[in-house]
Amino acid sequence: LASGGFFFAMRGCEFSKTEKRGKTTPIELRDVLFRDAKKKELKLFDANLEKEARFVTITFRDQKNGKKMDVRTHSKSGDKTLCPVLIWSRICRRVSKETSNPRTKVFTLLRGERRLDISSGRIVRSIKSIGRTIIDRHPGINIEKIGSRSIRSGAAMALFIKDHHP
């Protein structure tokens, strides 16, 4: 979820459950659309989704900046690990394996009758845990300052470094 959020510079509340519900609407299955090389829409339940999908589009229904129905698209990167299309197809496959309800949030885990939401806190703890394993190679990183906003800020910085800013 964090990697998927990074590619779209998402707010933490868009891809994870937060303590306080804000104005921004969390991403649901219905907000994620895949297209093939000919731009034909693919079904989330398609067994060949990872193989056939070339583009992923996410609709941001309502954001705290006032934008509604904002749409962003990424294409396949070619990287087997850091590819927005593959990451989002895996997220959607995980969720859609448990339910066909298009209004299910992408951070939902369904285990039988039990519903678990992946929290922003859990994601931050995971990122901090990973950070602790690399801190010796990157001593300037303050692990304790990492939060869910770090994903959105990091994405903006990555775009700036690649000279892909507005």
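Separating the NZ atom in Lys76 from the SG atom in Cys83 is a distance of 6.0 Å, to the nearest 0.5 Å. Going from atom CZ of Arg30 over to atom OG1 of Thr59 covers 9.5 Å, rounded to the nearest 0.5 Å. Atom NZ in Lys43 sits 9.5 Å away from atom CG in Leu33 (nearest 0.5 Å). Expressed to the nearest 0.5 Å, how far CZ of Phe107 lies from OG of Ser120 amounts to 10.5 Å. Taken to the nearest 0.5 Å, the CD1 atom of Ile123 stands 6.5 Å off from the CD1 atom of Ile118. Annotation: the span from Met10 atom CE to Thr24 atom OG1 amounts to 11.5 Å, rounded to 0.5 Å.
Taking the side-chain contact (heavy atoms from CB on, under 4.5 Å) definition, one finds that Leu110 meets it with Glu98, Thr99, Thr108, Arg115, sequence neighbours left out. With sequence neighbours left out, the side-chain contact (heavy atoms from CB on, under 4.5 Å) criterion links Ile91 to Leu1, Ile87, Trp88, Arg94, Val106. Judged as a side chain to side chain donor-acceptor pair (under 3.5 Å), and not counting sequence neighbours, the contacts of Arg61 are Asp31.
A donor-acceptor contact shorter than 3.5 Å links the side chain of Asp36 to the backbone of Lys40. Judged by distance alone, the side chain of Arg54 and the main-chain N or O of Lys51 form a donor-acceptor pair under 3.5 Å. A donor-acceptor pair is defined here as one N or O able to donate and one able to accept, closer than 3.5 Å; no such pair exists between the side chain of Glu52 and the backbone of Leu49. Ser129 contributes no side-chain N or O that, together with a main-chain N or O of Arg125, makes up a donor-acceptor pair within less than 3.5 Å.
Nearest heavy-atom pair, Arg90 versus Glu50, reported as atom, atom and distance to 0.1 Å: CG-OE2, 3.2 Å. Closest heavy-atom contact between Phe34 and Cys92: CE1-SG, 4.1 Å. Of all heavy-atom pairs between Asp46 and Leu42, the closest is OD2-CD2, 4.4 Å.
Connection of Val85 to Phe7 is established within a shared hydrophobic cluster, with ILVMFWY side chains joined at heavy-atom distances below 4.5 Å, either directly or through further cluster members. Side-chain heavy atoms closer than 4.5 Å link hydrophobic residues (I, L, V, M, F, W, Y) into clusters, and following such links, possibly through other members, connects Leu109 to Leu44.
Here the side chains of Phe60 and Met69 are not in contact, with every heavy-atom distance at 4.5 Å or above. Contact check for Pro84 versus Phe6: no side-chain heavy atoms found under the 4.5 Å cut-off.
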Quick one, Ser96 with Leu29, criterion side-chain contact (heavy atoms from CB on, under 4.5 Å). Give me CA distance, side-chain angles, the key distance, then yes/no. CA-CA 8 Å; Ser96 64; Leu29 284 177; 4.3 Å; yes
Applying side-chain contact (heavy atoms from CB on, under 4.5 Å) to Lys105 and Lys17, what does each step give before you reach the verdict? CA-CA 9 Å; Lys105 293 172 181 48; Lys17 176 80 172 172; over 6 Å; no
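Counting heavy atoms of neighbouring residues, nucleotides and ligands inside a 6.0 Å radius, atom CZ of Arg122 does not exceed 12 of them.
Remark: Asp62 engages Lys68 in a salt bridge, criterion side-chain N to carboxylate O under 4.0 Å.
For the side chain to side chain contact (heavy atoms under 4.5 Å, CB included) test with Phe8, the passing option among Ile27, Thr57, Val56 is Val56; the others fail.
Taking the six-membered ring for Trp and the full ring otherwise, the centers of His74 and Phe55 sit at least 6.0 Å from each other.
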